[in-house]
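Reminder, nothing fancy here: chain letters follow the sequence lines and each chain counts from 1. Since we're looking at a predicted model, the values are computed, not measured.
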Number of protein chains: 2
Amino acid sequence: MTEADIPALGERPAVSVDVVIFSVRAYDLQALLLRRPTPPFRGRWALPGGFVRPSEALDDAARRELQAQTDVHDVYLEQLYTFGAPRRDPRGRVVSVAYFALIASEVAIRAGSPEVELSWQSIYNLPELAFDHADILRYALQRLRYKLEYTSVGFELLPNEFTLTELQTAYEIVLGKELDKRNFRRRMLEAGILTETARYRESEGQGRPARLYRYKKNAVHEVKARRLFP
Amino acid sequence: MTEADIPALGERPAVSVDVVIFSVRAYDLQALLLRRPTPPFRGRWALPGGFVRPSEALDDAARRELQAQTDVHDVYLEQLYTFGAPRRDPRGRVVSVAYFALIASEVAIRAGSPEVELSWQSIYNLPELAFDHADILRYALQRLRYKLEYTSVGFELLPNEFTLTELQTAYEIVLGKELDKRNFRRRMLEAGILTETARYRESEGQGRPARLYRYKKNAVHEVKARRLFP
DNA sequence: CCAAAAGTGTTGGTTTTACACCCATGG
DNA sequence: CCATGGGTGTAAAACCAACACTTTTGG
């Protein structure tokens with residue numbers, strides 16, 4: 001930040017944001033993709049995103065595009081990494097600031113325009129993606145798994161109230177491994193980031209109803225000290 | 001990444017890189033700053049950095065500016081975060097991709113131009129910085145401390161060969177706390193990321209000479225599983 | 001009363017912490 | 001032989017992993 005002059009207009013890259021939205025649904029970890037209605041990569045699946053406006057913060061651009069293209073709002077959103085290889089977009093130089101978002105499976109999505117097909121796709125069976133979006137997605141997945149083990153960000157994948165079994169299932173789906181029920185519950189309860197409600201969820205079919213819990217909102221970053229699931 | 005059109009030239013932000021270079025020297029954790037020779041913030045201390053060229057990768061831009069302004073090269077460099085508040089630069093919209101770098105105290109620096117004053121400054125006693133560089137530096141420091149506890153990146157702060165005491169001292173300076181000598185040594189040796197050389201370093205003045213070690217180059221990311229210093 | 005899901009403790013092994021003395025060298 | 005810094009082991013506490021049965025409900 002020391003060269004005297006800001007670059008001439010002709011020498012500036014475009015700046016975009018791209019958002020990887022994860023959700024646990026159908027007993028699977030899925031990402032929300034849309035089919036590009038226009039070139040380049042017309043018809044290919046891609047991450048939601050778009051260009052940053054001249055006087056808009058990067059986070060705001062990510063939220064705006066998310067809402068415009070998928071109707072998702074009020075969501076956990078975190079900057080991931082900035083991808084800026086010179087030829088990553090055939091239209092010209094585009095530097096993309098990638099974000100990752102987590103939403104509960106109950107949250108509805110809706111395509112922002114009728115020509116754009118939107119779809120949840122399993123991260124274990126992804127189609128070919130436009131641009132370098134496969135790299136972005138892979139990076140986001142790695143970060144998600146990492147954060148899940150070391151922080152309490154996993155709650156963002158569930159609705160406001162949830163049972164401990166639902167929480168454990170979400171963790172298992174994201175991490176791709178089974179966890180011990182007793183150890184899981186003990187850790188979660190001892191971490192002090194849950195509050196018990198007075199309500200229960202009746203299981204569908206048979207079974208004892210499960211207590212509902214809420215996440216303490218102010219606790220997201222509290223847990224860092226020790227791994228939640230070693 | 002779905003809007004049909006790339007923004008018109010007049011609507012593009014400029015994209016810069018800024019680099020926080022840390023080094024342990026004079027028994028202190030210091031960052032390399034330069035005094036801005038031109039407006040805006042003329043005379044204020046700032047991070048090395050500059051604008052990304054049209055067909056240059058972001059990492060390459062960071063390395064280029066680092067070498068041009070400080071003569072530092074072949075260095076550990078990692079992308080940190082992208083700062084893009086709309087008014088962070090009075091010249092106009094500038095999105096800055098921040099990096100952090102680590103170098104050994106033995107590495108010489110040299111200002112890239114005679115008008116630019118370069119200086120190592122203690123992170124415990126920073127001057128006022130230009131732009132939002134104080135935020136960037138704070139963020140970089142947090143990341144450095146975090147990585148030091150969970151990965152073996154700390155070796156980048158030392159020369160090729162070093163004694164265990166030197167390594168421990170570097171860790172203590174960065175983390176700002178004392179570590180137990182026996183536990184430190186055991187952990188480092190058991191982590192399997194050091195190779196013992198046949199050489200010793202004569203201590204200045206009196207004292208038993210200390211064995212020299214090297215860092216196994218391929219091991220940088222090996223350690224993640226468990227905290228190095230809980 | 002059966003099936004289904006919720007809920008609950010203990011033990012053994014491992015890891016981590018805290019802690020103090022002897023060794024090699026130079027002056 | 002003294003001062004300086006290098007080098008080493010052990011025991012108690014904390015933490016983690018593995019493991020199976022009882023409770024509540026609906027059909």
Side-chain angles (χ1 to χ4, degrees), chain A residues 27 148-152 158-159 161-173 175-214 222-230, chain B residues 24 27 148-152 158-159 161-173 175 177-214 222-230:
Chain A
Y27 211 84
L148 208 63
E149 303 213 34
Y150 283 95
T151 75
S152 56
L158 294 170
E161 299 195 340
F162 49 84
T163 70
L164 287 180
T165 301
E166 288 164 355
L167 182 60
Q168 181 175 348
T169 302
Y171 270 77
E172 288 177 338
I173 290 169
L175 297 177
K177 66 182 181 194
E178 300 205 338
L179 301 170
D180 180 89
K181 181 159 69 156
R182 279 169 292 190
N183 293 340
F184 182 88
R185 283 165 184 247
R186 187 187 11 243
R187 279 215 180 73
M188 278 296 165
L189 294 172
E190 284 176 0
I193 53 188
L194 296 183
T195 48
E196 174 177 302
T197 71
R199 277 181 301 286
Y200 293 83
R201 168 158 309 153
E202 324 271 319
S203 63
E204 327 164 33
Q206 288 156 310
R208 176 172 169 178
R211 172 139 245 150
L212 288 165
Y213 290 82
R214 289 176 162 276
E222 254 175 32
V223 181
K224 287 229 166 127
R226 213 157 266 286
R227 281 178 86 172
L228 242 23
F229 305 102
Chain B
V24 166
Y27 210 83
L148 208 61
E149 303 214 34
Y150 283 95
T151 74
S152 57
L158 294 170
E161 299 195 340
F162 49 84
T163 70
L164 288 178
T165 301
E166 288 165 355
L167 182 61
Q168 181 175 350
T169 303
Y171 269 77
E172 288 177 338
I173 290 168
L175 297 177
K177 66 181 181 194
E178 300 205 336
L179 301 170
D180 180 89
K181 181 160 68 156
R182 278 170 293 189
N183 293 340
F184 182 88
R185 285 166 183 247
R186 182 177 10 199
R187 278 216 180 72
M188 279 295 165
L189 294 173
E190 285 176 359
I193 53 188
L194 295 183
T195 49
E196 172 176 304
T197 71
R199 277 180 301 285
Y200 294 82
R201 167 158 309 153
E202 324 272 318
S203 64
E204 326 166 33
Q206 291 156 308
R208 174 172 170 179
R211 173 140 243 148
L212 288 165
Y213 290 82
R214 290 176 161 275
E222 254 176 31
V223 182
K224 288 230 165 123
R226 214 157 265 285
R227 281 178 84 171
L228 243 23
F229 306 100

**Study point:** Spacing between B:Glu190 atom CD and C:dT15 atom C1', to the nearest angstrom
**Key:** 10 Å
Check your understanding: Does a side-chain N or O from A:Thr165 land closer than 4.0 Å to OP1 or OP2 of C:dA5, or not?
Key -> no
Review point. If we only count heavy atoms from C-beta on, is the B:Phe162 to B:Thr169 side-chain gap below 4.5 Å?
Key: no
Review point. Just by distance, do the side chain of A:Gln168 and the backbone of A:Leu179 share a donor-acceptor pair under 3.5 Å?
Key: yes
Practice item. Mind calculating the distance between CD (A:Glu178) and P (D:dC19) to the nearest angstrom? Key: 13 Å
Practice item. Mind calculating the distance between CZ (A:Arg201) and P (C:dG7) to the nearest angstrom? Key: 12 Å
**Study point:** Value in whole Å for how far the P atom of C:dG9 lies from CZ of A:Phe184
**Key:** 18 Å
Check your understanding: Do B:Thr165 and B:Arg185 have side-chain atoms, one donor and one acceptor, less than 3.5 Å apart?
Key -> yes
Exercise for review: Report, as a single string ordered 5' to 3', how protein heavy atoms within less than 4.0 Å touch nucleotides 18-27 of chain C: B base, S sugar-phosphate only, - not at all.
Suggested key: BBB--BBBBS
Review point. Within less than 4.0 Å of OP1 or OP2 of D:dG7, is there a side-chain N or O belonging to B:Arg185?
Key: yes
Point to revise | Nearest-0.5 Å distance, CG of residue B:Leu158 to OH of residue B:Tyr171 | key: 8.5 Å
Exercise for review: Let me know the distance between OH of A:Tyr200 and P of C:dA5, rounded to the nearest Å.
Suggested key: 19 Å
Exercise for review: Starting from C1' on C:dT17, measure out to NZ on B:Lys177 and report it in whole angstrom.
Suggested key: 13 Å
Practice item. Quickly work out the A:Arg199 CZ to C:dA6 C1' distance and round it to whole Å. Key: 18 Å
Check your understanding: Which heavy atom of B:Arg211 sits nearest a heavy atom of B:Ala198, and at what distance?
Key -> NH2-CA, 4.0 Å
Check your understanding: Taking all non-hydrogen atoms of both residues, which atom of B:Thr197 and which atom of B:Leu212 are closest, and how far apart?
Key -> OG1-O, 2.8 Å
Exercise for review: Starting from P on C:dA5, measure out to CD on A:Gln168 and report it in whole angstrom.
Suggested key: 14 Å
